[in-house]
Chemist: 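Can you keep this structure in mind? I'll have questions shortly.
This one's a predicted model, so the numbers in the text were calculated from it and none came from an experiment. Sequential numbering from 1 along the given sequence is applied to the chain's residues.
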Amino acid sequence: MKMSTIRNIRLLVAKFNPIREKLFSSKNLLYTNVAISISLSATGDFLEQHYEILKGEWKKFCIKRTGHMALSGMSVGVICHYWYRFLDSRLPGKTIGIVVRKVIIDQFICSPLCIGMFFLTLAILERNNWEEFIREVKNKAHKLYIAEWIVWPPAQIINFYFLPTRYRVLYDNTISLGYDIYTSQVKHDNILNQNK
């Protein structure tokens, strides 16, 4: 790379530093985390729907579905915001032992909680009754939880070892974009079969 290109990149980064500091400050962090969660959950569903349309599994784009997925991202984003703060306050430090404990606790407590909140939020938005909610959790939650064990332990080792608490939800959602595509596919699997 030329020196002028490197200098231009550094200048651009310097211009965004005040914005980054404001967005990830204690005062604004919850709002930033929720906005990130909404945006990336909606993006994941948007990508999944377009893929389903290309495959002929879905007839046309459904904005309501993307809106519901975005709101489910909001509810999970709020949980993750407070969860990471709680976990870091209870298990401070970045030794390998602490990081492994955080990953295990995260997988056994936060993952099921987030999956449950995901289905609960969508059940409320879709006006499903309790029996429909329970049936969907029984039929689909295990698929998401298995995927959680594949995706999140390696990702969370990086998250807990290298990143400060204020960037955890951003990192989580960046990794989660691919997982959100899968989440949307699992959630809407029976609907896809009916929509053919």
Side-chain angles (χ1 to χ4, degrees), residues 23-24 29-84 87 103 106-126 128 133 136-160 163 165-195:
L23 288 174
F24 290 94
L29 188 58
L30 175 63
Y31 304 114
T32 300
N33 286 340
V34 169
I36 290 167
S37 298
I38 289 170
S39 303
L40 290 177
S41 291
T43 301
D45 181 69
F46 177 84
L47 294 171
E48 175 59 23
Q49 278 196 62
H50 279 286
Y51 178 69
E52 291 163 5
I53 291 167
L54 289 173
K55 284 179 37 182
E57 295 176 345
W58 197 255
K59 293 177 184 168
K60 63 179 184 169
F61 185 79
C62 178
I63 191 74
K64 185 176 181 180
R65 171 180 154 174
T66 298
H68 287 179
M69 292 297 289
L71 289 173
S72 75
M74 178 187 72
S75 62
V76 171
V78 170
I79 289 171
C80 289
H81 170 82
Y82 289 107
W83 171 252
Y84 287 136
L87 195 58
V103 169
D106 186 64
Q107 284 301 116
F108 281 108
I109 296 174
C110 192
S111 288
L113 178 62
C114 287
I115 291 169
M117 182 55 76
F118 166 77
F119 283 112
L120 179 61
T121 302
L122 289 172
I124 291 168
L125 292 169
E126 294 169 354
N128 293 343
F133 164 69
E136 188 162 52
V137 168
K138 284 181 180 178
N139 291 334
K140 298 178 180 179
H142 69 281
K143 294 177 186 178
L144 296 181
Y145 195 53
I146 290 168
E148 290 260 344
W149 277 96
I150 295 167
V151 172
W152 290 112
Q156 292 295 52
I157 288 171
I158 294 167
N159 197 3
F160 294 134
L163 298 175
T165 305
R166 67 183 180 156
Y167 297 122
R168 292 206 197 288
V169 174
L170 171 63
Y171 171 81
D172 188 296
N173 276 278
T174 303
I175 299 297
S176 190
L177 181 57
Y179 182 75
D180 289 342
I181 293 169
Y182 179 69
T183 300
S184 178
Q185 192 250 342
V186 168
K187 163 64 181 142
H188 297 99
D189 186 42
N190 62 331
I191 299 168
L192 291 177
N193 294 332
Q194 295 167 5
N195 196 26

Chemist: OG1 of Thr174 to CG of Leu40: how many Å apart, nearest 0.5 Å?
Modeler: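 Interatomic distance, Thr174 OG1 to Leu40 CG, rounded to 0.5 Å: 6.0 Å.
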Chemist: State the CG-SG distance between Leu113 and Cys80, to the nearest 0.5 angstrom.
Modeler: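 Separation between the atoms: 8.5 Å.
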Chemist: If you round to the nearest 0.5 Å, how far is OH of Tyr84 from CG of Asp172?
Modeler: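 If I round to the nearest 0.5 Å, the distance is 3.5 Å.
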Chemist: For this output row, return yes or no: ring centroids of Phe108 and Trp149 closer than 6.0 angstrom.
Modeler: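 Aromatic pair counts; centres sit under 6.0 Å.
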Chemist: Of all heavy-atom pairs between Glu52 and Glu48, which one has the smallest distance, and what is that distance?
Modeler: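 Shortest heavy-atom separation between Glu52 and Glu48 comes out as OE2-OE2, 2.5 Å.
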Chemist: CZ of Phe160 to OG1 of Thr165: how many Å apart, nearest 0.5 Å?
Modeler: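 It comes to 9.5 Å.
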Chemist: Identify the heavy atoms of Ile36 and Phe24 that sit nearest to each other, and give their distance.
Modeler: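 Between these two residues, the closest heavy atoms are CD1-CZ, 4.2 Å.
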Chemist: Is any NZ, NE, NH1 or NH2 atom of the basic residue among Lys187 and Glu126 found under 4.0 Å from an Asp or Glu carboxylate oxygen of the other?
Modeler: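 Salt bridge between Lys187 and Glu126, a charged N being under 4.0 Å from a carboxylate O: yes.
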Chemist: Please give me the minimum heavy-atom distance between Ser37 and Val169, naming the atom from each residue.
Modeler: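 It is OG-CG1, 3.9 Å.
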Chemist: Can you list the steps and then say if Asp45 with His188 is a side chain to side chain contact (heavy atoms under 4.5 Å, CB included)?
Modeler: CA-CA 10 Å; Asp45 181 69; His188 297 99; 4.1 Å; yes
Chemist: Do side-chain atoms of Tyr82 reach the backbone of Leu30 as a donor and acceptor pair under 3.5 angstrom?
Modeler: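 A pair under 3.5 Å: no.
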Chemist: Restricting to non-hydrogen atoms, name the atom on Glu148 and the atom on Ile115 that form the minimum distance, rounded to 0.1 Å.
Modeler: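 Nearest pair, atom of Glu148 first, then Ile115: CG-CD1, 3.9 Å.
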Chemist: Where do Ile79 and Cys110 come nearest, in terms of heavy atoms and distance?
Modeler: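 Closest approach of Ile79 to Cys110: CG2-SG, 4.4 Å.
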Chemist: Listed by chain and number, what are the salt bridge (charged side-chain N to carboxylate O under 4.0 Å, His left out) partners of Asp180, not counting sequence neighbours?
Modeler: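 Result, salt bridge (charged side-chain N to carboxylate O under 4.0 Å, His left out) vs Asp180: none returned.
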Chemist: Short question: side chain of Tyr171, backbone of Ala155 - any donor-acceptor pair under 3.5 Å?
Modeler: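 Yes.
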Chemist: If you compare all heavy atoms of Val137 against all heavy atoms of Phe119, which two are closest, and at what distance to 0.1 Å?
Modeler: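 That closest heavy-atom pairing would be CG2-CB, 3.8 Å.
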Chemist: Give a yes or no on this: more than 12 heavy atoms of other residues, nucleotides or ligands lie within 6.0 Å of atom CZ of Phe61.
Modeler: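 For Phe61, atom CZ is crowded (more than 12 foreign heavy atoms under 6.0 Å).
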Chemist: To the nearest 0.5 Å, tell me how far Tyr182 OH sits from Lys143 NZ.
Modeler: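 The NZ atom of Lys143 is 6.5 Å from OH of Tyr182, to the nearest 0.5 Å.
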Chemist: One pair to check against side chain to side chain contact (heavy atoms under 4.5 Å, CB included): His81 and Leu29. What are the steps and the verdict?
Modeler: CA-CA 8 Å; His81 170 82; Leu29 188 58; 3.8 Å; yes
Chemist: Could you tell me whether the side chains of Arg65 and Ser184 share a donor-acceptor contact shorter than 3.5 Å?
Modeler: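 Yes, side-chain donor-acceptor contact under 3.5 Å.
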Chemist: In the structure I gave you, are the side-chain heavy atoms of Leu47 and Tyr51 within less than 4.5 Å of one another anywhere?
Modeler: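 Result no, sub-4.5 Å side-chain heavy-atom pair not found.
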Chemist: Can any side-chain N or O of Tyr179 pair as donor or acceptor with the backbone N or O of Asn173 at less than 3.5 Å?
Modeler: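 Flag not set: sc Tyr179 to bb Asn173 has no pair under 3.5 Å.
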Chemist: Under the salt bridge (charged side-chain N to carboxylate O under 4.0 Å, His left out) test, which residues partner Lys55, sequence neighbours left out?
Modeler: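 Glu57.
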Chemist: Looking only at atom types and distance, does a side-chain atom of Gln49 sit under 3.5 Å from a main-chain N or O of Cys62, one as donor and one as acceptor?
Modeler: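 Yes, the answer is positive, given that a donor and an acceptor are paired below the 3.5 Å cut-off.
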Chemist: Kindly compute the distance separating OH (Tyr167) from CG (Asn159), expressed to the nearest 0.5 Å.
Modeler: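 If we round to the nearest 0.5 Å, Tyr167:OH and Asn159:CG are 13.0 Å apart.
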Chemist: Is it true that atom OH of Tyr145 has more than 12 heavy atoms of other residues, nucleotides or ligands lying nearer than 6.0 Å?
Modeler: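 Above 12, so yes.
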Chemist: Name every donor-acceptor pair, under 3.5 Å, that has one atom in a side chain of residues 67-75 and the other anywhere in the protein, sequence neighbours excluded.
Modeler:
residue, atom, partner, partner atom, Å
Ser72, OG, Met69, O, 2.7
Ser75, OG, Ser72, O, 2.8
Ser75, OG, Thr121, OG1, 2.8

